[in-house]
Amino acid sequence: MNTHLLALQDFTRTQLQSFLDRAAVLKKETQDGLRHQQLAGRKICMLFEKPSTRTRVSFEAAMYEMGGQVIFMSAKESQLGRGEPLKDTARVLARYVDALVVRTFGQEVAEELAHFSAVPVINALTDLHHPCQILSDIMTVIEQKGDLSELKIVWIGDGNNMANSWVQAASVLGFSLTLACPTRYDPDPAILRAAQQRAEKPITLLRNPAEAIQNADVVNVDVWASMGQEDEAEKRLDVFQPYQLNQALLEHAAPDAVVLHCLPAHRDEEITEEVLEGSQCVAFDQAENKMHMHKAILEYLINGMV
């Protein structure tokens with residue numbers, strides 16, 4: 001059993017499918033009015049060095065809806081921002097709560113906390129990975145389009161933490177993935193190489209977004225400058241302009257293609273207002289599904305079911 005969720009490559013296809021299947025069941029039960037109590041009496045501590053709207057609220061709502069409780073701490077409220085060794089933080093907090101949900105900069109922070117923690121550590125975003133978000137996105141894709149193995153899924157834009165986790169998801173779950181990224185803005189080369197070696201279906205990196213999106217069933221975009229890259233934002237506007245998802249580019253995709261964006265969106269930068277508000281965009285379904293996926297993740301890891 002995997003104790004922690006740090007990156008998608010650490011799980012088998014069966015395990016990731018378990019998260020997806022369970023999240024779908026929990027969503028249906030919630031819609032039917034069933035009150036979940038699988039985590040009654042349990043507690044999580046959320047350690048967030050980076051700000052968040054959807055990830056924070058969806059994890060908190062998930063825990064509360066499962067009957068549990070939440071302690072939220074920003075960097076300024078915890079010893080993460082004051083120099084206490086991570087191993088000490090992990091070992092102490094593990095005696096208070098049943099899981100740690102961490103949103104930070106370096107992947108090494110999440111990994112060190114996990115190494116010393118006696119309770120599950122869940123990666124709620126690092127600069128290298130965003131595994132919970134991608135599981136929520138894939139849940140949305142399955143709802144909208146069905147069997148992943150039959151789909152052409154495309155990523156357009158920066159090869160950031162989201163792209164890295166999409167690459168790993170493709171290699172584990174066995175679907176094809178095409179990425180279009182500008183030169184020098186590729187996904188992490190080690191992650192891409194390992195995923196391509198493991199993959200059953202092609203994981204392809206291109207430069208031309210129109211070529212990449214051709215006949216796509218799913219088109220995924222994200223902001224061009226992530227948190228911590230604010231000083232690069234102006235330069236990135238020029239580099240990424242050809243990668244904007246506008247109606248002209250979307251017309252190269254399949255007529256019934258769906259558009260994903262994890263939000264927040266910079267309208268008329270990486271995606272136009274027209275596309276974001278159009279009938280093909282399911283960004284707000286994605287946002288809701290974060291809560292249902294987080295329920296499944298918390299339940300499985302805290303109760304030891306994966």
Side-chain angles (χ1 to χ4, degrees), residues 19-34 36 46 48 50-66 101 103 124-125 130-146 148 151-158 160-163 165-166 169 213 216-227 243-247 249-251 253-298:
F19 286 130
L20 293 164
D21 293 344
R22 184 58 178 157
V25 169
L26 291 168
K27 180 176 182 178
K28 178 63 166 57
E29 290 177 346
T30 298
Q31 291 172 337
D32 290 343
L34 181 66
H36 296 119
M46 298 175 62
F48 277 38
K50 286 189 172 186
S52 170
T53 299
R54 280 150 294 276
T55 299
R56 174 180 174 175
V57 175
S58 59
F59 262 112
E60 291 190 1
M63 193 63 180
Y64 289 135
E65 287 203 5
M66 298 288 277
V101 180
R103 185 176 176 95
L125 178 144
H130 203 352
C132 298
Q133 177 69 57
I134 273 56
L135 286 174
S136 305
D137 296 351
I138 292 172
M139 176 185 177
T140 309
V141 170
I142 293 171
E143 285 179 345
Q144 297 288 330
K145 304 297 290 184
L148 292 172
L151 301 177
K152 179 178 180 180
I153 299 178
V154 174
W155 173 271
I156 295 177
D158 189 21
N160 58 15
N161 52 2
M162 290 276 294
S165 289
W166 266 108
I213 202 175
D217 299 295
V218 179
V219 184
N220 202 344
V221 297
D222 192 14
V223 296
W224 292 338
S226 301
M227 284 178 286
Y243 293 79
Q244 181 188 74
L245 184 58
N246 50 42
Q247 194 60 44
L249 182 59
L250 185 58
E251 287 177 1
D256 61 347
V258 297
V259 173
L260 302 181
H261 194 308
C262 67
L263 304 177
H266 295 170
R267 294 164 188 252
D268 295 322
E269 288 186 14
E270 74 276 359
I271 187 169
T272 61
E273 174 87 6
E274 179 184 19
V275 173
L276 185 66
E277 295 292 349
S279 61
Q280 292 175 264
C281 185
V282 294
F284 297 98
D285 294 317
Q286 281 178 264
E288 177 189 345
N289 283 340
K290 286 169 70 73
M291 179 182 69
H292 304 297
M293 178 55 66
H294 294 165
K295 281 185 177 182
I297 290 168
L298 290 166

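The figures that follow rest on heavy atoms only: side chains count, while hydrogens, waters and symmetry mates do not.
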How would you list, by chain and number, every residue that makes a side-chain hydrogen bond (donor to acceptor under 3.5 Å, both in side chains) with [X], sequence neighbours excluded?
| X | result |
| --- | --- |
| N246 | Q244 |
| Q144 | none |
| K145 | D256 |
| N289 | K27, T140, E143 |

Could you tell me which residues satisfy side chain to side chain contact (heavy atoms under 4.5 Å, CB included) with [X], sequence neighbours excluded, listed by chain and number?
| X | answer |
| --- | --- |
| E60 | M46, R56, Y64, V70, F72 |
| A169 | L8, I134, I138, F175 |
| H36 | L26, E29, T30, L34, Q38, M66, K295 |
| D32 | K28 |

message: The criterion is ring pair (Phe, Tyr, Trp, His ring centres under 6.0 Å); which residues satisfy it with H294, sequence neighbours excluded?
response: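 H294: ring pair (Phe, Tyr, Trp, His ring centres under 6.0 Å) contacts with F59.
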task: List for me each residue that meets salt bridge (Lys or Arg N to Asp or Glu O under 4.0 Å) alongside D137, sequence neighbours excluded, and say none if there are none.
output: none
- request: Check the pair T55, V101 against side-chain contact (heavy atoms from CB on, under 4.5 Å), reporting the backbone distance first and the verdict last.
  value: CA-CA 10 Å; T55 299; V101 180; 5.9 Å; no
- prompt: How would you list all residue pairs meeting salt bridge (Lys or Arg N to Asp or Glu O under 4.0 Å) that involve residues 274-288, not counting sequence neighbours?
  reply: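 As it turns out, the salt bridge (Lys or Arg N to Asp or Glu O under 4.0 Å) pairs with a partner in residues 274-288, which skip direct neighbours, are R267-E277.
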- prompt: Side chains of L245 and E270: does their closest heavy-atom pair fall under 4.5 Å?
  reply: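 Heavy-atom side-chain distance check fails, nothing below 4.5 Å.
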